[in-house]
Asks: 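Before I ask anything, here is the structure I am working with.
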Amino acid sequence: MTINGGISFWYATHPGPPATPSRTPRAPRTPLTAHTTADVVIVGGGYTGLWTAYYLKQAAPDLRVTVLEQKFCGYGASGRNGGWLYNGIAGRDRYAALHGRQAARSLQQAMNETVTEVIDVAAKEGIDADIHRGGVLEVARTPAQLGRLKAFHAAELAFGETDRVLHDAAATRTRIGIADAVGSSWSPHGARIHPLKLVRGLAEACERLGVVIHESTPVTEISAGKAVTPYGTVRAPHVLRCTEGFTAALKGQKRSWLPMNSSMIATAPLSAETWAQLGWSGREVLGDMAHAYMYAQRTADDRIAIGGRGVPYRFGSRTDNDGRTQPATVDSLRDLLFSFFPALTGTEITHAWSGVLGVPRDWCATVTLDRTTGVGWAGGYVGSGVATANLAGRTLRDLVLGESTELTALPWVNHRVRRWEPEPLRWLGVQALYAAYREADRREAASHTPRTAPLARLADRISGRH
C-alpha cells in the first residue's frame with residue numbers, strides 16, 4: 001500500500017511534526033500570542049527564512065530576529081523536495097542577457113561555492129542530513145535529448161564549470177544502469193541530502209543563536225514595518241518575505257509567483273543484489289533532459305525517490321492538502337521509474353507526495369530589499385531552491401546590514417518581474433504549456449529525431465523560460 005501525503009516521505013523517515021500520529025512528537029514551537037517588536041521579522045520557516053536568520057545572527061548577535069511560520073518549519077518545499085543540493089539557478093541566461101556574461105558567470109560561481117557552504121555549515125552545526133557529495137548526473141535517452149544535453153554541457157563549460165564531464169552511452173551505463181541512455185553530463189557540484197533533516201537542524205541552529213521562531217502563526221499581510229497575524233503584529237524595520245510557493249496566499253501577492261506543483265514517489269528499500277544490477281554506487285542525484293523532466297536520488301536507506309510534474313498548477317494558485325497527490329500522478333511516476341529501470345517493474349511504491357515551488361513570470365530567481373520600506377524577499381527558485389536559498393540568505397543578510405559585497409553585486413539582486421496573468425488565463429496557459437511539453441517528449445521518443453520538437457520550442461518562448 002502506498003502512503004499518499006502525510007507531508008512527504010521524509011517525514012516518514014524522521015520524527016514527524018507535532019500532530020503526526022504514531023511518531024515521537026517534537027514539542028511544537030509556541031505561536032505568537034501578542035503584538036511584539038523585532039529588528040528583523042522573517043515570514044517563512046523554510047530554507048530561505050532560516051538561512052537568512054542564521055546568517056544575520058552570526059554576523060550581528062545582538063540583532064533581534066523573529067521567524068513566523070504558518071505551520072511548522074519544513075512544512076513547505078523545504079520538507080518535501082527531491083534532496084538535490086546542487087548549483088543550478090533559475091534565470092542565469094536571462095541575467096547574462098541583461099547584465100552581461102561576466103555578471104552571470106559570477107552568479108554561477110557563487111552557486112558552485114554554495115554547495116560547499118551548505119555542507120560545511122551542516123558539519124559545523126552537527127546537522128546529520130544524510131549528505132553524500134556524489135555530484136549531479138543529467139542523462140539523455142533520445143537523440144533530441146542528447147542534442148540538448150550537449151548544448152547544456154557546452155553552456156555550463158562556458159559559464160565556468162570546467163570540471164564537468166560528458167559521458168557517452170557506455171560510460172553512462174557504467175555509472176547508473178539506465179535503460180536507453182545515450183549520454184550524460186556529470187557535475188561535481190551536487191550532493192544528495194535528506195531535506196527535512198537539514199531544515200530541522202537549521203532551525204535548531206538558529207535557536208541556539210537566539211533566533212525566536214513562532215510556529216502555527218500564519219501571516220496574512222506584509223507591509224512596511226510590520227507582519228500581521230491573527231494573534232498579533234510584529235513590527236520591525238525590516239520585514240522579509242521568504243514564502244516561495246506559498247506567496248500567493250499573502251494579501252496582494254496572488255499573481256507574484258505561481259505555485260507550481262511537483263510530485264514524488266519513493267520505493268521500498270532495494271536489495272543489495274538489485275543495486276549491484278543498477279549500479280548507482282556514486283549516489284549521484286539524477287536528472288534528465290526531457291521537457292517534462294524528472295529528478296531522483298538514491299536515499300540513505302537504499303530506496304529510489306523520483307519526482308516530476310503531475311498536475312502542474314491548481315486553479316487560483318491553490319496549494320495541496322498536506323502533500324497528497326493525484327493517483328494518476330502516482331501511476332505516471334511509477335511508469336517513469338520502471339521505464340528508467342525495467343528491472344524494478346513491480347517494485348513496491350511505499351510513499352507518494354507533492355509540494356509547490358515558486359515560479360516568477362520570467363522564471364528568474366531573485367533577492368530584493370526595498371530600502372525605502374525595509375521590505376525584502378527572496379525566492380522564485382523554480383525547483384532549484386535547496387542551494388539557492390542559502391545564497392539568498394547570505395545575500396539578504398548583507399542587504400539588511402547595509403553592506404556592499406560581492407553577493408549584493410550579483411545580477412539577481414533587486415531584479416523586478418511583471419506579474420502573472422489573471423485567472424482563468426493563468427490556469428489555461430500553464431495547462432496548455434505542460435500538455436505541449438509532454439506531447440513534445442512523446443514525439444521525440446517516437447521519431448528519434450535529433451532535433452528538439454518545434455512544439456517545445458514554441459512552449460519555451462510563450463512561457464518565458466528562454
Asks: Only one of Thr350, Thr347, Thr267 clears side-chain hydrogen bond (donor to acceptor under 3.5 Å, both in side chains) with Arg303; which?
Replies: Thr350
Asks: Report yes if some heavy atom in the side chain of Met264 is under 4.5 Å from a heavy atom in the side chain of Tyr295; otherwise report no.
Replies: yes
Asks: Checking side-chain contact (heavy atoms from CB on, under 4.5 Å) for the pair Leu278/Phe341: CA distance, chi angles, key distance, verdict?
Replies: CA-CA 8 Å; Leu278 298 182; Phe341 305 107; 3.8 Å; yes
Asks: State whether Trp280 and Arg192 meet the cation-pi test: NZ (Lys) or CZ (Arg) under 6.0 Å from the six-membered ring centroid, and within 45° of the perpendicular axis.
Replies: no
Asks: Quick test of your reading of the model: are Asp331 and Arg334 salt-bridged, counting only N-O distances below 4.0 Å?
Replies: yes
Asks: Decide yes or no on side chain to side chain donor-acceptor pair (under 3.5 Å) for His291 and Glu444, but give the supporting numbers first.
Replies: CA-CA 10 Å; His291 302 294; Glu444 289 176 2; 2.8 Å; yes
Asks: Asp441 vs Gln145, test: side chain to side chain donor-acceptor pair (under 3.5 Å). Steps then yes/no.
Replies: CA-CA 9 Å; Asp441 283 329; Gln145 288 185 25; 4.8 Å; no
Asks: Please confirm whether Arg255 makes a cation-pi placement over Trp420, using NZ or CZ under 6.0 Å from the six-membered ring centre and within 45° of the ring normal.
Replies: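 Judged by the rule (NZ or CZ under 6.0 Å from the ring centre, within 45° of its axis), Arg255 is not positioned above Trp420.
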Asks: Before giving the answer on side-chain contact (heavy atoms from CB on, under 4.5 Å), spell out for Arg419 and Arg361 the whole-Å C-alpha distance, their side-chain angles and the decisive distance to 0.1 Å.
Replies: CA-CA 6 Å; Arg419 293 156 67 83; Arg361 187 61 182 84; over 6 Å; no
Asks: Ignoring hydrogens and angles, tell me if any N or O in the side chain of Thr274 forms a donor-acceptor pair with the backbone of Leu270 under 3.5 Å.
Replies: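 Looks like no, no N/O pair under 3.5 Å.
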Asks: Please report the C-alpha distance between Arg148 and Thr452 in whole Å, then the side-chain angles of each, then the deciding distance to 0.1 Å, and finally whether the side-chain contact (heavy atoms from CB on, under 4.5 Å) criterion is met.
Replies: CA-CA 8 Å; Arg148 289 195 295 275; Thr452 291; 2.9 Å; yes
Asks: Applying side chain to side chain donor-acceptor pair (under 3.5 Å), can you list everything that pairs with Arg92, at least two apart in sequence or on another chain?
Replies: Gln108, Glu156
Asks: Would you mind checking if Asp93 and Arg101 are paired as a salt bridge, meaning a charged N to carboxylate O distance below 4.0 Å?
Replies: no
Asks: First locate atom CG of Leu286, then atom CD1 of Ile178, and finally report the distance between them rounded to the nearest 0.5 Å.
Replies: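 Leu286 CG to Ile178 CD1: 4.5 Å, rounded to 0.5 Å.
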Asks: Going by heavy atoms in the side chains, are Thr388 and Met111 under 4.5 Å from each other?
Replies: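 Yes; the side chains approach each other to less than 4.5 Å.
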Asks: Verify, without hydrogens or angle tests, whether His132 (side chain) and Gly282 (backbone) share a donor-acceptor contact under 3.5 angstrom.
Replies: yes
Asks: List the atom of Ala179, the atom of Pro342, and the distance in Å for their closest heavy-atom pair.
Replies: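 For Ala179 and Pro342, the tightest heavy-atom pair comes out as CB-CD, 3.7 Å.
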Asks: Mind checking the CG-OH spacing from Asp322 to Tyr11? Nearest 0.5 Å is all I need.
Replies: 9.5 Å
Asks: Would you indicate whether the side-chain heavy atoms of Leu56 and Val400 approach each other to under 4.5 Å?
Replies: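 Yes, close enough: below the 4.5 Å cut-off.
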Asks: Check whether the side chains of Asn4 and Thr2 place a donor and an acceptor atom closer than 3.5 Å, and report yes or no.
Replies: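 No, no side-chain donor-acceptor pair sits under 3.5 Å.
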Asks: Testing the basics here: between Ser78 and Val199, what is the closest heavy-atom pair and its distance to 0.1 Å?
Replies: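 Taking Ser78 first and Val199 second, the nearest heavy atoms are CB-CG2, 3.9 Å.
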Asks: Would Ser404 and Thr408 count as having a side-chain donor-acceptor pair, cut-off 3.5 Å?
Replies: no
Asks: Report the C-alpha distance between Asp130 and Lys197 in whole Å, list the side-chain angles of each, state the deciding distance to 0.1 Å, and finish with yes or no for salt bridge (Lys or Arg N to Asp or Glu O under 4.0 Å).
Replies: CA-CA 8 Å; Asp130 296 342; Lys197 288 184 179 181; 3.3 Å; yes
Asks: Does the side chain of Trp377 reach to within under 4.5 Å of the side chain of Trp257, using non-hydrogen atoms?
Replies: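 Yes, at least one pair of side-chain atoms sits under 4.5 Å.
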Asks: For the residue pair Arg164 and Ser185, what are the closest heavy atoms and their distance?
Replies: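 Heavy atoms only, the tightest pair is NH1-OG, 2.7 Å.
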Asks: Check Ala181 against Val139 and note the closest heavy-atom contact, atom names and distance.
Replies: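 What the structure gives for the nearest pair is CB-CG2, 3.9 Å.
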Asks: Would you check, one step at a time, whether the test side-chain contact (heavy atoms from CB on, under 4.5 Å) holds for Arg397 with Leu407?
Replies: CA-CA 10 Å; Arg397 169 203 60 196; Leu407 297 185; 4.1 Å; yes
Asks: Indicate yes or no: at least one non-hydrogen side-chain atom of Leu391 is less than 4.5 angstrom from one of Thr395.
Replies: yes
Asks: Do you see a donor-acceptor pair shorter than 3.5 Å between the side chains of Thr405 and Arg394?
Replies: no
Asks: Under 3.5 Å, is there a donor on one side chain and an acceptor on the other for Ser332 and Thr329?
Replies: no
Asks: Before we go on, tell me: are the rings of Trp10 and His194 under 6.0 Å apart, centre to centre?
Replies: yes
Asks: Answer yes or no: does atom CZ of Arg451 have more than 12 heavy-atom neighbours from other residues, nucleotides or ligands under 6.0 Å?
Replies: no
Asks: Can you tell me how far apart CD1 (Ile349) and CE (Met1) are? Round to the nearest 0.5 Å.
Replies: 14.5 Å
Asks: Would you mind telling me which of Leu357, Val356, Val359 makes a side chain to side chain contact (heavy atoms under 4.5 Å, CB included) with Pro259?
Replies: Val356
Asks: Which residues pass the side chain to side chain donor-acceptor pair (under 3.5 Å) test with Thr372, sequence neighbours left out?
Replies: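 Partners of Thr372 by the side chain to side chain donor-acceptor pair (under 3.5 Å) criterion, ordered by chain and then number, come out as Asp370.
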Asks: About how many Å separate OH of Tyr293 and OG of Ser262, when rounded to the nearest 0.5 Å?
Replies: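 If I round to the nearest 0.5 Å, the distance is 6.5 Å.
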Asks: CG/Asp163 to CG/Asn112 distance, rounded to the nearest 0.5 angstrom?
Replies: 7.5 Å
Asks: Consider only side-chain N and O atoms of Glu113 and Gln109, and report whether a donor and an acceptor are under 3.5 Å apart.
Replies: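 Yes.
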Asks: Can we say Arg298 and Asp302 salt-bridge, meaning some charged N sits less than 4.0 Å from an Asp/Glu carboxylate O?
Replies: yes
Asks: Looking only at heavy atoms, what is the nearest atom pair of Leu455 and Ala440, with distance?
Replies: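 Smallest heavy-atom distance, with atoms named: CD2-N, 4.3 Å.
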Asks: Regarding Arg241 and Glu244, does a basic nitrogen lie under 4.0 Å from an acidic carboxylate oxygen?
Replies: no
Asks: Would the distance check show the side chain of Thr48 and the main-chain N or O of Gly44 forming a donor-acceptor pair, the cut-off being under 3.5 Å?
Replies: no
Asks: Flag yes if more than 12 heavy atoms outside Glu403 fall under 6.0 Å of its CD atom; otherwise flag no.
Replies: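 Yes.
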Asks: When you measure from the centre of the six-membered ring of Phe340, is the NZ or CZ of Arg141 under 6.0 Å away and within 45° of the axis?
Replies: yes
Asks: Scan residues 78-120 for pairs that pass ring-ring contact (aromatic ring centres under 6.0 Å, His included), counting only residues two or more places apart or in two chains.
Replies: Trp84-Tyr86, Tyr95-His415
Asks: With rounding to the nearest 0.5 angstrom, report the CD1 to CD1 distance, Ile119 to Ile127.
Replies: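 Rounded to the nearest 0.5 Å, the CD1-CD1 separation comes out at 12.5 Å.
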Asks: Taking side chain as C-beta onward, heavy atoms only, is Ser8 less than 4.5 Å from Leu196?
Replies: no
Asks: A side-chain contact here means heavy atoms from C-beta on lying under 4.5 Å apart; do Glu125 and Leu202 qualify?
Replies: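 Not in contact.
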Asks: When you compare the side chains of Arg80 and Ser354, does any donor N or O come within less than 3.5 Å of an acceptor on the partner?
Replies: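 Absent: no donor and acceptor within the cut-off.
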Asks: Taking all non-hydrogen atoms of both residues into account, name the closest pair between Ile131 and Ile193 and its distance.
Replies: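 So the two residues come closest at CG1-CG2, 3.8 Å.
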Asks: Assess, by modelled atom type and distance only, whether the side chains of Asn390 and Tyr55 contain a donor and an acceptor separated by less than 3.5 Å.
Replies: yes
Asks: Less than 4.5 Å apart, side chain to side chain, heavy atoms only: is that true for Arg426 and Lys254?
Replies: yes
Asks: Taking Thr368 for the side chain and Gly376 for the main chain, is one N or O donor matched with an acceptor at less than 3.5 Å?
Replies: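 No; zero donor-acceptor contacts below 3.5 Å.
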Asks: Please check this pair: side chain of Gln297 against backbone of Gly82, looking for a donor-acceptor N/O pair closer than 3.5 Å.
Replies: yes
